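All figures in this text were calculated on a predicted structure; none of them were measured in a lab. All values below come from the heavy atoms of this structure, side chains included, with hydrogens, waters and symmetry mates left out. Atoms within a ligand are numbered from 1 in the order they appear, just like the ligands themselves.
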Amino acid sequence: MALIQEVLEIVRKRNPNEPEFLQAVTEVLESIRPVIDRNKKVRDARILERLVEPERMIQFRVPWIDDKGRIQVNRGFRVQMNSALGPYKGGLRFHPTVYAGIIKFLAFEQVFKNSLTGLPMGGGKGGSDFDPKGKSDREVMRFCQSFMTELFRHIGPNTDVPAGDIGVGGREIGYLFGQYKRLANEFTGVLTGKGLSWGGSLIRPEATGYGAVYFAQEMLKTRNETIEGKICTVSGAGNAAQYTVEKLIQCDAKPVSMSDSSGFIYDKNGITEEKLAFVMSIKNVRRGRISEYAKKFRGSKYVAGQRPWGIKCDCAFPCATENEITAEDAKKLLDNGCYLVSEAANMPSVPAAVDLFLEKKILFGPGKAANAGGVATSGLEMSQNSMRLPWPREEVDSRLRQIMSRIFKNSWDTAEEYGQPGNLVVGANIAGFVKVADAMLDQGVV
Ligand code: NDP
């Protein structure tokens with residue numbers, strides 16, 4: 001349809017050299033084609049043209065002083081993409097690869113993901129090209145304080161509520177929150193992923209990984225199967241990966257791999273709770289490399305410079321970063337009998353890999369549905385902060401389970417309604433889009 005091509009052309013021209021943003025927009029726009037075809041009101045209101053343009057985008061200098069007394073300068077970003085459904089919500093990423101195109105793709109995905117959760121949240125994302133790796137705690141603190149000194153004027157509990165993402169975990173959220181509180185003179189739920197004793201929610205650290213496994217369980221139910229006994233490959237060794245592995249162990253599945261940007265470990269005997277505790281201490285406390293795992297546990301091996309997609313498995317859980325499953329990786333997974341992919345990372349499969357998964361009709365849970373548990377639980381943290389009342393672990397976990405199950409059902413039913421049964425990419429994109437588009441129609445030209 002001409003309109004979609006026209007809009008993609010505008011995006012290409014207005015955002016040159018931002019391939020990730022174009023990739024995310026192309027996937028969504030192409031899959032919502034049937035809605036656009038059916039809906040003149042959406043076309044006349046130029047919803048697509050407005051959706052692809054951030055409501056606001058902030059870029060700022062982040063100067064800080066390292067342990068040697070030298071001045072360092074990084075670049076900070078916050079993209080406030082769409083507030084039709086609520087305050088902007090989405091994480092902050094600290095990684096050397098961060099630039100406008102990465103933050104815009106993540107913010108764009110976030111709009112539809114947040115819509116799918118059913119909670120009142122708009123979409124945003126932010127971050128910096130700062131690399132926390134190899135930095136001391138004091139350096140990370142000084143960086144976070146400088147970053148927040150600019151960001152604080154653009155956010156607030158009813159305006160924009162950031163959270164963590166790659167390179168931003170509990171430590172960073174603590175420093176960011178401390179500086180916000182100092183500048184705003186207000187103790188308020190302006191960030192999620194906070195420490196438990198100062199406004200955080202139980203299950204928030206676990207939520208992305210647990211949610212991706214709950215989503216996989218929903219997909220398996222359609223084939224009258226459970227995750228028990230399934231051999232699962234997992235990439236990454238950070239927040240999303242650790243809690244994906246933890247939930248897989250709890251469900252009696254067999255996770256056999258984890259990775260970081262240097263390589264992956266393969267443990268044919270399965271990663272156990274004890275082994276996972278070791279990974280958590282390497283990654284969260286000592287901030288070391290996953291290769292240490294293979295030195296510690298017999299029967300496991302470390303493969304440098306590669307990803308784990310050549311390992312024979314039933315299910316794959318990409319939990320590291322975007323475009324980490326290439327078409328070649330997808331072929332290897334399929335040839336080895338993998339028939340479920342649940343994306344805990346954002347956009348981890350390249351478009352050609354997604355096409356292969358859909359063509360072979362495996363159970364494929366796209367990131368914006370399968371990893372929505374993280375932001376959904378952030379939404380629950382916001383509710384608890386507003387009420388000033390923390391919920392017990394069981395309550396948050398049960399709400400998370402319900403939300404994942406609703407997201408699955410909504411995406412599954414929508415795919416069927418639009419004549420593409422089983423295609424959760426189409427289902428999630430359309431279901432997420434329709435709610436945002438309706439809200440934008442109600443709110444006029446803003
Ligand atoms: P972490 O920083 O905790 O962990 C990231 C992991 O991925 C690390 O093991 C890291 O290895 C690896 N990694 C990062 N970049 C690359 C790269 N370019 N190539 C290979 N490996 C890489 O981040 P999270 O676990 O929070 O995030 C992982 C993914 O999950 C991201 O796509 C994120 O957007 C997504 N996500 C996270 C949510 C959350 O709540 N945290 C919510 C929804 C999605 P190394 O240590 O070597 O850098």
Can you find a non-hydrogen atom of [X] under 4.0 Å from ligand 1?
X	answer
Gln242	no
Ser259	yes
Met347	no
Glu324	no
Gly169	no

| query | Is any NZ, NE, NH1 or NH2 atom of the basic residue among Arg393 and Glu206 found under 4.0 Å from an Asp or Glu carboxylate oxygen of the other? | reply |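 Glu206 and Arg393: salt-bridged.
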Can you tell me the protein heavy atom closest to [atom] and the distance?
atom	answer
atom 27 (O) of ligand 1	Ile166 CG1, 3.6 Å
atom 16 (C) of ligand 1	Thr321 CG2, 3.7 Å
atom 29 (C) of ligand 1	Ala320 O, 3.3 Å
atom 38 (C) of ligand 1	Thr208 OG1, 3.5 Å
atom 32 (O) of ligand 1	Asn346 N, 3.1 Å
atom 15 (N) of ligand 1	His95 NE2, 3.6 Å
atom 4 (O) of ligand 1	Gly238 CA, 3.2 Å
atom 37 (C) of ligand 1	Asp165 OD1, 3.9 Å

| message | Please report the interatomic distance CD1(Ile155) to CG(Leu191), rounded to the nearest 0.5 Å. | response |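 If I round to the nearest 0.5 Å, the distance is 5.5 Å.
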| said: Run the ring pair (Phe, Tyr, Trp, His ring centres under 6.0 Å) test on Phe152 and Phe177 for me, step by step, so that the C-alpha distance in whole Å, both residues' side-chain angles and the decisive distance to 0.1 Å come before the verdict. | reply: CA-CA 10 Å; Phe152 99 100; Phe177 182 78; over 10 Å; no
What about [X]: any of its N or O atoms under 3.5 Å from an N or O on ligand 1?
X	answer
Ser261	yes
Arg289	yes
Lys113	no
Asp260	no
Asn371	no
Gly374	no
Gly164	no
Gly236	no
Lys125	no

| query | Within the distance-only criterion (no hydrogens, no angle test), does the side chain of Gln242 pair as donor or acceptor with the backbone N or O of Asn239 below 3.5 angstrom? | reply |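 Not confirmed, Gln242 side chain does not pair with Asn239 backbone.
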| Would a distance-only check, ignoring hydrogens and angles, find a side-chain to backbone donor-acceptor pair under 3.5 Å from Thr272 to Lys275? |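 Checking the backbone N and O of Lys275 against the side chain of Thr272, a donor-acceptor pair under 3.5 Å is found.
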| said: Are the side chains of Leu248 and Phe317 in contact, using a 4.5 Å heavy-atom criterion? | reply: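 Heavy-atom side-chain distance check passes, below 4.5 Å.
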| query | Would a 4.5 Å heavy-atom cut-off, applied to side chains only, mark Phe143 and Asn74 as touching? | reply |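 Yes; the side chains approach each other to less than 4.5 Å.
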| For ligand 1, which atoms have a heavy atom of Ala345 less than 4.0 angstrom away? |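 Those qualifying, in numeric order: 29 (C), 30 (O), 32 (O), 35 (C).
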Would you please say whether a donor-acceptor pair under 3.5 Å links the side chains of [X] and [Y]?
X	Y	value
Ser259	Arg307	no
Lys368	Asn429	yes
Thr192	Lys89	yes

| message | Please classify the Arg287 to ligand 1 contact at 4.0 Å (heavy-atom distances, strictly less than): side chain, backbone, both or neither. | response |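 For Arg287, no heavy atom sits under 4.0 Å from ligand 1.
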| task | Validate the cation-pi geometry between Lys135 and Phe130: distance from NZ or CZ to the six-membered ring centre under 6.0 Å, angle to the ring axis within 45°. | result |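 Yes, Lys135 and Phe130 form such a contact.
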| message | Set out, in order, the CA-CA distance, both residues' side-chain angles and the distance that settles side chain to side chain donor-acceptor pair (under 3.5 Å) for Asn385 and Lys194, then state yes or no. | response | CA-CA 11 Å; Asn385 289 165; Lys194 298 187 290 299; 2.7 Å; yes
| Distance-minimising heavy-atom pair for Val73 and Arg61 |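 In this case the closest contact between Val73 and Arg61 is CG1-CG, 3.8 Å.
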| task | Any chance you could lay out the ring pair (Phe, Tyr, Trp, His ring centres under 6.0 Å) test for Phe147 and Phe60, step after step, and finish with the verdict? | result | CA-CA 9 Å; Phe147 183 85; Phe60 49 99; 5.3 Å; yes
